Every structure is written in C-alpha cells, then in structure tokens.
A.B. asks: 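Next up is a structure, given as structure tokens.
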Amino acid sequence: MTQRGLQSLLTAAARHWPALTLSGLAAITYLSLSPLDRLPEAPGGDKLHHLVAYALLALPACLARPRGFPALLCLFLAWGGAIEMIQPYVNRYGEWLDFLANACGVGLGFVLSLPLRSLMPKAERAKADGRVA
C-alpha cells in the first residue's frame with residue numbers, strides 16, 4: 001500500500017469512527033454472546049482473538065480522538081467486562097483472562113494510533129483534535 005493510500009485509509013477511519021465503532025461493538029457482542037455447543041476451531045487462540053477484536057474496536061476512535069475520548073475507552077472496557085459477566089447465562093464461558101485480553105486490546109489500539117496519527121494529513125489531525133488547520 002502506498003503512503004497516500006494509507007493516509008486515505010486512516011483519514012476515512014477517523015472520519016467514520018462512530019459507524020466503525022458501532023459496527024465493531026455489534027460484531028463483538030454477537031460473536032461473544034451467541035450460544036455455542038463448543039468453541040469453533042480458529043488459528044491463533046482465544047486470547048489473541050480478544051486482543052485483536054478490541055484493538056480494532058478502539059483504533060478508529062483513537063485515530064479520531066473525539067470529545068470524551070477517555071470515557072469512550074472506558075466504555076469499551078466496561079462493555080468487554082459486561083460481556084464476560086453475561087456469557088455464563090448464554091451457554092458460554094466468561095473468563096477474567098478474556099477481559100484482560102480485551103483491556104490489552106484497547107490499549108494496543110491506542111498505542112498503534114500514536115504513530116498512525118502522524119501519518120494522517122496535518123489538517124485531518126488538527127480537525128480531529130478540534131483545532132483549525
């Protein structure tokens with residue numbers, strides 16, 4: 001991918017963070033609370049899936065940095081915790097280590113956003129930060 005293509009992708013993710021966030025929350029909720037007879041076989045392991053899902057959930061908001069951004073990250077953590085507490089009631093297993101993987105994923109999304117934001121056009125970063133470019 002070219003630098004211009006990456007800039008366009010990052011800018012689009014920052015601009016459309018609300019839709020991406022709601023879609024991510026819906027997908028995570030559905031996949032986490034759908035009753036299963038047994039867990040599906042998937043490469044990488046359960047904790048890695050939690051880490052990646054929550055990193056991808058947090059990344060668009062971390063790129064956009066909307067007003068109330070820290071509270072939004074706390075919402076992602078609370079959402080992950082609530083899902084883990086609900087899972088035993090829908091024939092799933094809630095685990096504290098899954099919650100820890102979720103929290104690490106939110107942190108990873110934030111950490112990844114730091115260098116990625118520097119690749120965004122300056123005007124887009126300023127707009128995301130609430131400043132005029």
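Just so it is clear, the model here is predicted, and its values are computed rather than measured.
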A.B. asks: Nearest 0.5 angstrom please: R4 CZ to L9 CG, how far?
C.D. replies: 14.5 Å
A.B. asks: Does any part of the side chain of L72, heavy atoms only, come nearer than 4.5 Å to the side chain of W17, both counted from C-beta?
C.D. replies: yes
A.B. asks: Which value, rounded to the nearest 0.5 Å, describes the distance between L56 atom CG and I28 atom CD1?
C.D. replies: 8.0 Å
A.B. asks: Rounded to the nearest 0.5 Å, what separates atom CG in L48 from atom SG in C104?
C.D. replies: 12.0 Å
A.B. asks: Go through it in stages, so that I can follow the logic: the residues are C62 and L116, the test is side chain to side chain contact (heavy atoms under 4.5 Å, CB included), and I'd like the CA-CA distance, side-chain angles, deciding distance and then a yes or no.
C.D. replies: CA-CA 10 Å; C62 291; L116 291 175; over 6 Å; no
A.B. asks: Check the hydrophobic clustering (I, L, V, M, F, W, Y; side-chain heavy atoms under 4.5 Å; chains of links allowed) and say if L31 and L77 are grouped together.
C.D. replies: no
A.B. asks: Do you know which two heavy atoms are closest between L114 and R65, and how far apart they sit?
C.D. replies: CD2-NH2, 3.3 Å
A.B. asks: With a 6.0 Å cut-off (strictly less than), is the heavy-atom count around OH of Y93, excluding the residue itself, greater than 12?
C.D. replies: no
A.B. asks: Do L10 and F69 sit in one hydrophobic cluster, given that two such residues count as connected whenever their side-chain heavy atoms are within less than 4.5 Å of each other, even indirectly?
C.D. replies: no
A.B. asks: If you compare all heavy atoms of A14 against all heavy atoms of M120, which two are closest, and at what distance to 0.1 Å?
C.D. replies: CB-CE, 3.8 Å
A.B. asks: Determine which pairs satisfy salt bridge (Lys or Arg N to Asp or Glu O under 4.0 Å) with at least one residue from residues 46-60, sequence neighbours left out, and list them in order.
C.D. replies: K47-E95, K47-D98
A.B. asks: So if you build clusters from Ile, Leu, Val, Met, Phe, Trp, Tyr with side-chain heavy-atom gaps below 4.5 Å, do F110 and V106 land together?
C.D. replies: yes
A.B. asks: Taking S118 for the side chain and P115 for the main chain, is one N or O donor matched with an acceptor at less than 3.5 Å?
C.D. replies: yes
A.B. asks: Would you find a donor on one side and an acceptor on the other, under 3.5 Å apart, between the side chain of H50 and the backbone of G80?
C.D. replies: no
A.B. asks: Tell me whether M1 shares a hydrophobic cluster with L59, the cluster being built from Ile, Leu, Val, Met, Phe, Trp, Tyr side chains joined at under 4.5 Å.
C.D. replies: yes
A.B. asks: Is any side-chain heavy atom of P35 closer than 4.5 Å to one of R92?
C.D. replies: no
A.B. asks: For a quick test of reading the model, state the closest non-hydrogen atom pair linking L108 to A55 and the distance between them.
C.D. replies: CD2-CB, 4.1 Å
A.B. asks: When rounded to the nearest 0.5 angstrom, what distance separates CG in L97 from CD in E84?
C.D. replies: 9.5 Å
A.B. asks: How close do A58 and G109 get, counting heavy atoms only, and between which atoms?
C.D. replies: CB-CA, 4.4 Å
A.B. asks: Does any N or O in the side chain of T11 come within less than 3.5 Å of the main-chain N or O of S8, such that one atom is a donor and the other an acceptor?
C.D. replies: no
A.B. asks: T21 and F76: side chain to side chain contact (heavy atoms under 4.5 Å, CB included), yes or no, with the steps?
C.D. replies: CA-CA 10 Å; T21 298; F76 297 157; 3.6 Å; yes
A.B. asks: Which salt bridge (Lys or Arg N to Asp or Glu O under 4.0 Å) pairs, counting each pair once, include a residue from residues 11-22, with sequence neighbours left out?
C.D. replies: R15-E124
A.B. asks: Between the main-chain N or O of L119 and the side-chain N or O of Q7, is there a donor-acceptor pair closer than 3.5 Å?
C.D. replies: yes
A.B. asks: Are V52 and Y54 grouped together when hydrophobic residues (ILVMFWY) are joined by side-chain heavy atoms under 4.5 angstrom apart?
C.D. replies: no
A.B. asks: Just how far is it from atom CZ of F99 to atom CD1 of I83, taken to the nearest 0.5 Å?
C.D. replies: 11.0 Å
A.B. asks: Drop me the distance from L57's CG to L25's CG, to the nearest 0.5 angstrom.
C.D. replies: 5.0 Å
